[in-house]
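Each residue takes its place number in the sequence, starting with 1. Just so it is clear, the model here is predicted, and its values are computed rather than measured. For ligands, and for the atoms within them, numbers begin at 1 and follow the listed sequence.
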Amino acid sequence: MAKDNSCMYCTENQALQELMIPICDLTASRLYLFRNQAYRGRCVLAWKDHVNEYFDLTAEEAALFAEDMRRVSAAISKAFSPKKVNLGMYNDKGTHLHCHIVPKYEGGLSFGSTFEMNPQPAVLLSDAEYEEIIAAIRKAL
Ligand SMILES: [Zn+2]
């Protein structure tokens, strides 16, 4: 279990907590709800250990991560009925493998284009509203 004490995913530090809320652990990853819900249902899926690139995983590990991405995408689709679910793995400035899982709604923000990393104004919700979205995702997983 490789961890990096300077990594926000490994430490789940305040920076991470300001950006996202843990939902659950999956087979090979941890699922978070992105606090800025400009794209309703948007999540982040982070590999369980400190690994930089997708290609740093073994073929077996990569398949496990892909299956977690598939499972979460299907759950978000079921829970919120977006037109598409975008997957984004960028991480130019970070070193911990993760995937943005972003539902896109026809006629909605960035539909037909690349999703925005931090759309403004941020759509921040109450704790009760976050819990409602998390519950819907959990139920669909
Ligand atoms: Zn890390």
Quiz item: CG/N52 to CH2/W47 distance, rounded to the nearest 0.5 angstrom?
Solution: 14.0 Å
Quiz item: Any luck finding a side-chain donor-acceptor pair between E61 and Y54 under 3.5 Å?
Solution: no
Quiz item: Does the side chain of S110 come under 3.5 Å of the side chain of Y39 through a donor N or O and an acceptor N or O?
Solution: yes
Quiz item: Going by the side-chain hydrogen bond (donor to acceptor under 3.5 Å, both in side chains) test, which pairs reach into residues 120-137, not counting sequence neighbours?
Solution: S126-E129
Quiz item: Less than 4.0 Å between a side-chain N and a carboxylate O, is that true for E12 and R30?
Solution: yes
Practice problem: Would you verify whether the NZ or CZ of R42 falls within 45 degrees of the ring axis of F34 while also being under 6.0 Å from that six-membered ring's centre? | Solution: yes
Quiz item: Under 2.8 Å from the Zn ion (ligand 1), protein N/O/S atom count?
Solution: 4
